[in-house]
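A short worksheet on the structure shown next.
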Amino acid sequence: MAKVKIATEWLAGCAGCHMSLLDLDEELVAILDAVEITSSPITDLKHPPEVTVGIIEGAVANTANEEVLKELREKCQILLAIGDCSCFGGIVTMRNFLPKEEVLRAGYVDTPGTVDGKIPSDPELATLLDKVKAPNEVVKVDCYVPGCPPSAAAIGWALKELLAGRIPAPVGDNLRYD
Amino acid sequence: MSEISLTINGKQVKGERGDTILKVCERSDIYVPTLCHYGGVHEVGTCRMCVVEVQGGRALTTACTTPAEDGMIVKTESDAIQSLRRATLELLFSERNHYCMFCEASGDCELQALAYRHGMDSVRYPNLYPKMELDTSHPYLALDQNRCVLCRRCVRVCAELVGAHSLGMRERGIETLLAADGGEPLSASSCVSCGACVQVCPTGALFDRRSAYRGREKDCTTVKSSCPECALGCAVELVARSGQVLRVEGDVESPENGGLLCRRGRYESLNGHRERVLQPLVRKGGELASASWDEALAALRAGIEAAAAAGGAGAVAAVASARASNEALAALRGYFQQKLDSPNVGAIGAAASPDGYPAATLQDIRQADLIILAGEDAGANHQVVEFAVSQAVEQHGAALIVVGSAARRLQKQACVVVPAGSDEVARALATLTAAGSESLKRIACAERAVFVVGAPVTAVPQALAAAAQSARDGWPRVLALAPKGNSRGAAQAGLNGGASVAKGVKAAFIMAGDDTEMLDRFLPQRDEIGFLAVQASYRSPLVEMADVVLPAPVWTEKAGTMVNAQGREVSLRPAVAPPAGVRDEADVLAALSQ
Ligand code: SF4
Ligand code: SF4
Ligand code: SF4
Ligand code: SF4
């Protein structure tokens with residue numbers, strides 16, 4: 001049987017959800033018998049090919065996140081959001097309480113130890129959105145596994161559900177927000 | 001009470017006329033999710049979680065506010081109901097800022113649990129991200145508006161059960177905000193620091209500052225005990241983790257205090273900052289030095305028995321705090337009264353119950369139609385009594401007569417106030433029975449009169465009681481306030497109030513336990529007492545002046561019994577082990593008698 005192709009993307013998140021995916025350890029090896037991970041922050045392939053399942057970590061904070069999310073949405077049949085950031089917006093939305101300019105200044109100019117700091121501006125670079133958004137405010141998301149991060153077990157369960165041809169809808173121990 | 005019968009989820013169930021649909025469901029163990037509902041306060045139906053379908057009804061309706069009717073056909077689960085409940089949850093989450101990953105309540109939060117239960121894995125509405133304040137002005141509790149779901153449990157409990165009316169809502173619609181006294185910081189508000197609001201808040205909006213982030217319920221142990229701070233002996237639950245008591249909660253199962261506690265019981269009873277006595281100390285060459293238990297007990301026995309040999313049994317005294325358990329008091333008497341025959345054995349704060357009338361419980365106060373409060377300010381020293389009185393007056397229309405001093409709140413609620421200084425209370429009380437007085441009329445027609453008396457009044461004057469001798473058997477009832485957890489038990493053990501050590505005493509033993517306040521009164525007498533031994537939990541000036549010091553457990557480390565103001569036995573149960581080197585007071589004294 002041909003392997004199911006999966007691509008993962010890392011939007012505005014902390015990589016914790018990808019770490020949780022890797023935490024599946026030997027179980028991940030077993031899952032890889034049935035799954036091919038194509039592009040992902042782990043394989044360092046930049047653009048996803050056509051895949052069955054797209055997995056996202058993180059929220060949408062800048063124009064690059066938006067572009068990457070839309071591209072994956074087009075390339076995948078089923079989009080799975082893992083982690084609070086990609087299910088709800090999560091911890092990265094805490095900057096929504098401040099004006100964007102203040103956030104940039106805090107990051108590039110006022111940081112302790114920064115001398116003559118400058119807010120980067122270049123047409124090549126992505127720019128911050130006014131507000132961080134949950135991915136489902138930008139594209140259609142098909143299924144969710146929240147958690148900060150979700151447990152390896154919950155992610156593994158969701159993958160197995162997908163492999164079995166079901167859309168995962170987590171309940172019980174697989175549904176956590178912390 | 002007439003029975004009604006309903007069909008819920010196709011099953012025939014019974015209820016009583018006057019029940020809400022929710023009440024009927026509770027009676028027959030049918031789960032209906034709720035958030036704003038809280039037993040004991042009126043229903044508001046604000047959270048919309050308990051929506052159900054009533055056949056023939058126009059729309060889904062809230063089970064908590066809809067009266068159950070005979071023959072009603074109700075469904076508590078259906079796709080439409082589920083989807084409305086889930087939408088409600090999503091709205092609640094999107095309206096404020098819920099970051100479970102670092103929220104104090106995560107794991108114990110009722111909102112989170114409901115969202116889990118309803119499979120909320122995403123939110124279909126954009127989050128609003130309102131900028132919200134955190135009020136950390138109060139020493140014991142904090143309010144984080146980010147997590148508030150406006151369920152008003154805190155508001156209703158503060159008003160209806162506590163009677164403080166400190167909390168309310170301001171603004172309207174989506175701008176609605178919980179506010180203390182219309183917008184004061186909690187610390188500057190009329191809040192009496194009882195902590196009831198924190199205990200009932202379903203989310204992380206109101207939380208206990210001391211125990212915040214120190215453990216979820218599943219990581220903690222909970223032990224039922226009794227508060228020793230005053231003679232009410234309120235039922236508490238001690239929440240502990242890793243050998244430390246994190247907080248004291250009111251036991252909601254208690255028919256008496258029903259989860260309520262006062263500031264002293266909930267907060268001041270855990271004073272973790274005082275320095276403990278951790279091992280026995282014996283004065284050697286003028287200095288207090290660490291000693292083994294054997295050495296310390298030998299030194300204690302030598303000091304006491306030498307004084308008895310030289311001056312007779314009258315030269316020896318033993319004084320306990322009336323916070324000590326019955327078991328500790330019995331062991332104290334065993335050695336000093338029975339073995340040494342000392343006539344000077346007493347307990348500070350011992351207080352007998354007044355003869356002749358049934359003791360009034362807090363439930364009696366809540367159901368009374370007339371309350372006469374005389375003497376010691378119940379609000380200042382026995383807040384939980386004040387709460388019960390307020391409930392009776394405000395919720396059930398009881399009449400209140402205050403003689404002497406009382407909290408401003410009770411003065412306002414009273415229909416008659418007879419101001420009197422502490423030396424005039426008895427006389428002022430007598431004036432109530434003056435012929436033709438308004439008070440006398442009220443007393444004479446009351447069916448369930450309760451007298452709450454506090455120092456200096458220890459009994460109800462004959463004439464007054466006679467006037468209140470209504471048609472109903474078993475009334476009037478009397479609650480005599482007393483200062484310490486085991487005031488009654490100490491009096492029943494025959495110990496007098498022993499406010500000081502008698503003249504001519506050459507050796508004294510003071511069983512203070514964690515009652516440091518009691519030790520301080522002996523400071524002026526220290527020089528007259530030759531040999532002084534104390535059993536104490538905390539270091540204090542008198543401890544430093546003693547010849548022998550025995551370390552004692554604090555109340556959260558103790559097992560034992562006390563007799564409360566109503567003459568009922570209540571239990572102390574240990575939530576944590578005492579520090580190594582600290583031994584149970586009763587065991588230590590029992591060893592001396594052998
Ligand atoms: S959900 Fe938590 S762990 Fe996952 S990316 Fe966001 S912050 Fe990191
Ligand atoms: S109050 Fe409850 S739902 Fe809100 S952040 Fe805290 S734990 Fe999560
Ligand atoms: S602590 Fe007690 S008095 Fe203060 S706001 Fe809460 S319920 Fe009201
Ligand atoms: S503070 Fe808590 S109890 Fe009070 S309204 Fe908000 S969520 Fe409800």
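Letters A, B, ... are given to chains in the order of the sequence lines, protein chains preceding strands, and every chain is numbered from 1.
For the pair B:S122 and A:V141, the minimum side-chain heavy-atom distance is 4.5 Å or more. Side chains of B:M120 and A:F88 form a contact here, defined as non-hydrogen atoms less than 4.5 Å apart.
The backbone N or O of B:D121 sits nowhere less than 3.5 Å from a side-chain atom of A:Y177 that would complete a donor-acceptor pair.
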Side-chain donor-acceptor distances from residues 117-125 of chain A under 3.5 Å, at least two apart:
unit_1, atom_1, unit_2, atom_2, d
A:D122, OD1, A:E124, N, 2.8

Show which side-chain atoms of residues 201-208 of chain B pair as donor or acceptor with protein atoms under 3.5 Å away, not counting sequence neighbours.
unit_1, atom_1, unit_2, atom_2, d
B:T203, OG1, B:R147, O, 3.0
B:T203, OG1, B:A205, N, 3.1
B:D208, OD1, B:R210, N, 3.1
B:D208, OD1, B:S211, N, 3.0

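One finds the OH atom of B:Y129 at 13.0 Å from the CG atom of A:L98 (value rounded to the nearest 0.5 Å). In this structure, NZ in A:K131 is found 11.0 Å from CG in B:N127, a value given to the nearest 0.5 Å. Atom-to-atom distance recorded for B:N97:CG and A:T93:OG1 is 7.5 Å, nearest 0.5 angstrom.
Across B:G119, B:G107, B:S106, the residue that shares the most heavy-atom pairs under 4.5 angstrom with chain A is B:S106.
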List the steps, then state whether side-chain contact (heavy atoms from CB on, under 4.5 Å) holds for B:F102 with A:M94. CA-CA 12 Å; B:F102 62 83; A:M94 287 197 77; 3.7 Å; yes
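Within the 4.5 angstrom heavy-atom criterion, no atom of B:M132 approaches chain A. For B:Y99, the part lying under 4.5 angstrom from a heavy atom of chain A is the side chain only.
In this structure, B:R216 pairs ionically with A:D178, as a charged nitrogen and a carboxylate oxygen lie closer than 4.0 Å.
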